[in-house]
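The next block holds one structure in the form of structure tokens; read it before the comments.
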Amino acid sequence: MKNITFYGRFEADILAGRKTITLREASDADFAAGDQVRVSRYEDDVFFCNIEIIAITPVQFAVLNDQHAIQENMTLAELKQVISEIYPGLNELFMIEFRLL
Ligand SMILES: CC(=O)Nc1ccn([C@H]2C[C@H](O)[C@@H](CO)O2)c(=O)n1
């Protein structure tokens, strides 16, 4: 089974179904619809759930909108700040939509 990591501060939102997408650079988006993926925390690699990938869609940082932010359980300003810190200067992102298993 493939694996993806999330920062621990997002674990509760994922487990509650409040966070249903993640935006990643290409090298971190090697998934396809239907993949079942093991999810662990980035900081300590502790497993916390499995997800199913619903879709992978290219999206540019410049066109991120409120709908993306809602799906991340953030404001748009917070989302842009988070992305800018993780991927400074990167415009080409991939939206990974997922559901909890
Ligand atoms: C190693 C690494 O990049 N890990 C990441 C990347 C992104 N996230 C979260 C942060 C935001 O909520 C979305 C959008 O990138 O995904 C993460 O938890 N861990």
Side-chain angles (χ1 to χ4, degrees):
M1 188 183 275
K2 292 181 180 178
N3 187 77
I4 191 169
T5 61
F6 284 87
Y7 293 114
R9 65 185 188 270
F10 300 120
E11 177 179 351
D13 277 352
I14 293 166
L15 292 177
R18 291 187 292 262
K19 178 178 173 65
T20 59
I21 67 166
T22 184
L23 297 157
R24 301 296 175 104
E25 64 181 0
S27 65
D28 203 16
D30 185 22
F31 302 103
D35 282 354
Q36 296 193 352
V37 179
R38 182 182 182 279
V39 181
S40 56
R41 294 195 300 247
Y42 175 73
E43 293 87 348
D44 55 12
D45 205 32
V46 169
F47 167 85
F48 65 91
C49 68
N50 290 311
I51 57 173
E52 179 179 345
I53 305 301
I54 296 170
I56 310 288
T57 311
V59 60
Q60 295 192 335
F61 180 90
V63 303
L64 289 177
N65 59 37
D66 286 328
Q67 182 61 29
H68 297 115
I70 289 167
Q71 291 172 285
E72 290 262 15
N73 194 36
M74 297 182 201
T75 67
L76 183 55
E78 288 169 342
L79 177 59
K80 287 183 169 180
Q81 179 66 29
V82 168
I83 298 292
S84 296
E85 288 170 3
I86 299 173
Y87 305 122
L90 184 65
N91 193 41
E92 308 300 327
L93 299 164
F94 289 84
M95 177 174 67
I96 301 172
E97 295 180 70
F98 61 84
R99 70 175 184 91
L100 273 174
L101 290 175

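First listed ligand is number 1; within each ligand, the first listed atom is number 1.
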Measuring from atom CG of Asn91 to atom CZ of Phe61, what distance do you get when rounded to the nearest 0.5 angstrom? 8.0 Å

[X]: numbered ligand 1 atoms lying under 4.0 Å from its heavy atoms:
{"X": "Ile83", "answer": "14 (C), 15 (O)"}
{"X": "Tyr87", "answer": "3 (O), 6 (C)"}
{"X": "Val82", "answer": "10 (C), 11 (C)"}

With distance as the sole test, does Glu92 use its side chain to make a donor-acceptor pair with the main-chain N or O of Ala26 at under 3.5 Å? no

When you measure from the side chain of Asp35 to the backbone of Val37, do you find a donor-acceptor pair of N or O atoms at a distance under 3.5 Å? no

Do NZ/NE/NH1/NH2 and the carboxylate oxygens of Lys19 and Asp13 come within less than 4.0 Å? no

Option from Ile86, Ile96, Ile83 for which side chain to side chain contact (heavy atoms under 4.5 Å, CB included) with Arg24 holds: Ile96

For [atom], what's the nearest protein heavy-atom neighbour? Residue, atom name and distance, please.
{"atom": "atom 10 (C) of ligand 1", "answer": "Phe10 CE1, 3.3 Å"}
{"atom": "atom 12 (O) of ligand 1", "answer": "Lys19 NZ, 2.5 Å"}
{"atom": "atom 2 (C) of ligand 1", "answer": "Tyr7 OH, 3.8 Å"}
{"atom": "atom 15 (O) of ligand 1", "answer": "Leu23 O, 2.6 Å"}

Has ligand 1 got any nitrogen or oxygen that is less than 3.5 angstrom from a nitrogen or oxygen of Tyr42? no

Quick check: does Thr22 get an N/O under 3.5 Å from an N/O on ligand 1? yes

Residue Asp30 excluded, over 12 heavy atoms near CG under 6.0 Å: no

What do we get for Leu79 next to ligand 1 when only non-hydrogen atoms under 4.0 Å count, side chain, backbone, both or neither? neither

Go through Tyr87 and Asp28 one step at a time and tell me if the side-chain contact (heavy atoms from CB on, under 4.5 Å) criterion holds. CA-CA 11 Å; Tyr87 305 122; Asp28 203 16; 3.9 Å; yes

Ignoring hydrogens and geometry beyond distance, is a side-chain donor-acceptor pair present between Arg38 and Asn3 at under 3.5 Å? yes

Out of Glu78, Glu72, Arg24, Met74, whose heavy atom sits nearest atom 14 (C) of ligand 1? Glu72

